[in-house]
There are 2 protein chains.
Amino acid sequence: MEPCELCAIRSKAVQTLTRDEMSLHQQNCAEVVLKPGESIIKEGLLSSHIAFLKSGLAKIHKKGVKGTDQILKILQPGSYIGMQTILVNKIHQYSASAIEESTVCYIDIYTFKELITRNANFANELILYLCRDELSYFERFVNVHQKQIDGRLADCLIYFSDIINESRTFTIPLSRNDLAALVCATRESVTRAIKDLVDIGTIKVHGKEFEIINYDLLKTISEKG
Amino acid sequence: MEPCELCAIRSKAVQTLTRDEMSLHQQNCAEVVLKPGESIIKEGLLSSHIAFLKSGLAKIHKKGVKGTDQILKILQPGSYIGMQTILVNKIHQYSASAIEESTVCYIDIYTFKELITRNANFANELILYLCRDELSYFERFVNVHQKQIDGRLADCLIYFSDIINESRTFTIPLSRNDLAALVCATRESVTRAIKDLVDIGTIKVHGKEFEIINYDLLKTISEKG
DNA sequence: ATTAATATGTGACCCATATCACATAGTGAA
DNA sequence: TTCACTATGTGATATGGGTCACATATTAAT
């Protein structure tokens with residue numbers, strides 16, 4: 001495994017570590033390559049490691065009362081996975097799975113806690129990370145109920161275009177069912193919403209391949225709900 | 001103002017401070033008493049203080065695309081307010097207001113940051129706080145779309161009964177409009193949902209006074225959605 | 001290649017909830 | 001007290017999106 005200090009996408013927190021601390025981190029860190037669909041962490045299971053997405057793409061999902069999964073977030077490289085739950089009670093409160101071939105590092109929780117109390121800068125960066133992460137849910141939470149499907153789908157497309165791919169042409173590596181779980185709707189409704197956007201000339205779609213051809217209109221749909 | 005070290009509901013983080021740090025904290029801390037409806041922090045405004053709810057009850061709210069507020073959470077004493085946003089970029093991403101007469105302490109952000117880097121235990125407790133806080137939104141987020149109004153209202157009543165008041169009889173210090181913003185519905189629908197619960201004998205209601213008379217049934221409604 | 005299993009599209013229908021409209025009650029100010 | 005304003009309840013109606021049913025693709029397995 002590549003040394004943590006040479007890892008290109010090591011977290012800002014890890015960047016604060018001293019040589020000794022870095023080597024402690026390294027010794028308690030294991031790298032795994034996962035195929036699309038494979039589980040990174042599982043809700044309800046006891047765990048002793050925090051995961052870190054080094055490359056690829058993953059989804060955070062959680063079962064709701066209806067028994068179906070809701071996708072809370074799509075994770076990019078550089079994201080910690082399961083930190084919130086494991087620091088609090090060792091049992092994961094949500095699941096995460098790779099949606100592309102991904103590399104994941106698992107860091108031992110005791111090491112992680114040790115680093116927090118040993119290096120205040122490490123702790124400080126984690127605090128900033130957690131703050132940003134939490135905020136990312138707020139906007140979404142508020143608008144899930146205030147936007148209708150077309151608007152939520154537009155948000156999702158803009159997210160994949162602007163944030164994840166930085167391109168107007170991109171692949172969404174999710175089934176229509178997963179896409180529905182992400183925009184809080186049913187598969188059928190998502191299909192129809194996609195058709196709507198295609199019909200009015202905002203996007204082109206071939207399977208999981210998307211192209212935004214009228215970004216401004218898409219943005220308007222996102223904002224008007 | 002009462003010294004922070006004597007404050008009965010001082011946070012776990014503050015409990016880790018040394019005498020010196022505590023006095024620094026104290027010197028940069030101001031206590032304010034707010035009436036119901038008064039603002040604690042305001043979305044979009046620059047700020048240099050983190051708030052801490054010492055007594056009373058508050059709501060976190062945020063404007064959605066429709067222009068109306070959504071209530072993200074009801075806060076109890078012991079909650080930090082605005083920490084996420086202010087640590088990240090000084091501009092609050094959400095608002096908070098008292099919904100009862102409340103006491104709020106404002107802590108200077110520079111002091112706060114100083115304490116984070118000076119005392120790893122302080123930072124550690126904040127990390128745990130942030131983790132718990134973030135997790136509290138997950139369950140809610142997932143189920144907002146999977147439950148219908150009666151279920152969401154039941155959740156809300158259970159929350160006020162079990163968590164906030166620890167009593168089957170309690171007051172919800174919110175207008176019907178606010179209650180709607182909390183359960184993600186319209187005022188009219190909430191009125192009808194309350195009527196439903198009354199009609200089937202789960203609760204009794206007089207204005208803002210609620211009494212749960214069939215807790216198990218309410219729980220069932222909450223779980224079945 | 002053939003079969004089975006799963007993913008996706010699409011129409012018909014229905015229902016939960018929003019919207020609208022208005023009545024009534026409550027609250028605060030002059 | 002009176003007036004204005006806001007909060008609340010309630011009926012009628014509209015509709016977004018869920019549910020169901022089924023056809024068609026697509027993928028995986030033997």
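Residue numbers begin at 1 in each chain, while the letters A, B, ... track the order of the sequences.
If you measure from atom CD1 of A:I149 to atom P of C:dT17, you get 15 Å, rounded to the nearest angstrom. To the nearest angstrom, P of D:dA7 lies 9 Å from CG of B:D178. One can place CD of B:Q146 at 15 Å from C1' of D:dT19, the figure rounded to the nearest angstrom. Between B:K35 atom NZ and C:dG28 atom P there is a gap of 13 Å when expressed in whole angstrom units. Taking atom NE2 of A:H206 as the reference point, atom C1' of C:dG9 lies 15 Å away to the nearest angstrom. Separating the CD atom of A:Q148 from the P atom of D:dG17 is a distance of 4 Å, rounded to the nearest angstrom. One atom, NZ of B:K147, and another, P of D:dG18, lie 18 Å apart when rounded to the nearest Å. Note: CD1 (A:I172) to C1' (C:dA7) measures 16 Å, nearest angstrom.
A donor-acceptor pair under 3.5 Å is formed between the side chain of B:R10 and the backbone N or O of B:C7.
Distance check, rounded to the nearest 0.5 Å: SG of A:C105 to CD1 of A:I50 gives 12.5 Å.
Across the helix from C:dA1-D:dT30 to C:dA30-D:dT1, the helix axis at one end is tilted relative to the axis at the other end by 50° (nearest 10 degrees, each axis from five pairs).
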Apply the test side chain to side chain contact (heavy atoms under 4.5 Å, CB included) to residues B:I221 and B:I200: give CA-CA distance (whole Å), side-chain angles for both, the deciding distance (0.1 Å), then the verdict.
CA-CA 11 Å; B:I221 291 168; B:I200 58 173; 3.6 Å; yes

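Where A:N177 and A:H145 meet DNA chain C, the nucleotide closest to each residue was compared, and A:N177 sits on the side nearer the 5' end.
The pair A:E139-B:K63 fails the salt-bridge criterion, with no side-chain N (NZ, NE, NH1 or NH2) lying under 4.0 Å from an Asp/Glu carboxylate O. The pair B:D155-B:R140 does not meet the salt-bridge criterion, since no charged nitrogen lies less than 4.0 angstrom from a carboxylate oxygen. A salt bridge between A:K54 and A:E31 is present, with a side-chain N of the basic residue lying under 4.0 Å from a carboxylate O of the acidic one. The pair B:K59-B:D178 meets the salt-bridge criterion, with a side-chain N (NZ, NE, NH1 or NH2) lying under 4.0 Å from an Asp/Glu carboxylate O.
Phosphate proximity of C:dT8 to A:K208: present, with a side-chain N or O under 4.0 Å from OP1 or OP2. Contact check, B:K195 against D:dG11: no side-chain N or O comes under 4.0 Å of OP1 or OP2.
Here ring-ring contact (aromatic ring centres under 6.0 Å, His included) pairs that include residues 90-109 of chain A, with residues two or more places apart or in two chains, are A:Y94-B:F138.
Counting only heavy atoms from C-beta outward, the side chains of B:L130 and A:E134 approach each other to under 4.5 Å.
Within residues 184-194 of chain B, the residues that have a heavy atom under 4.0 Å from DNA chain D are, in order of number, B:R187, B:E188, B:T191, B:R192.
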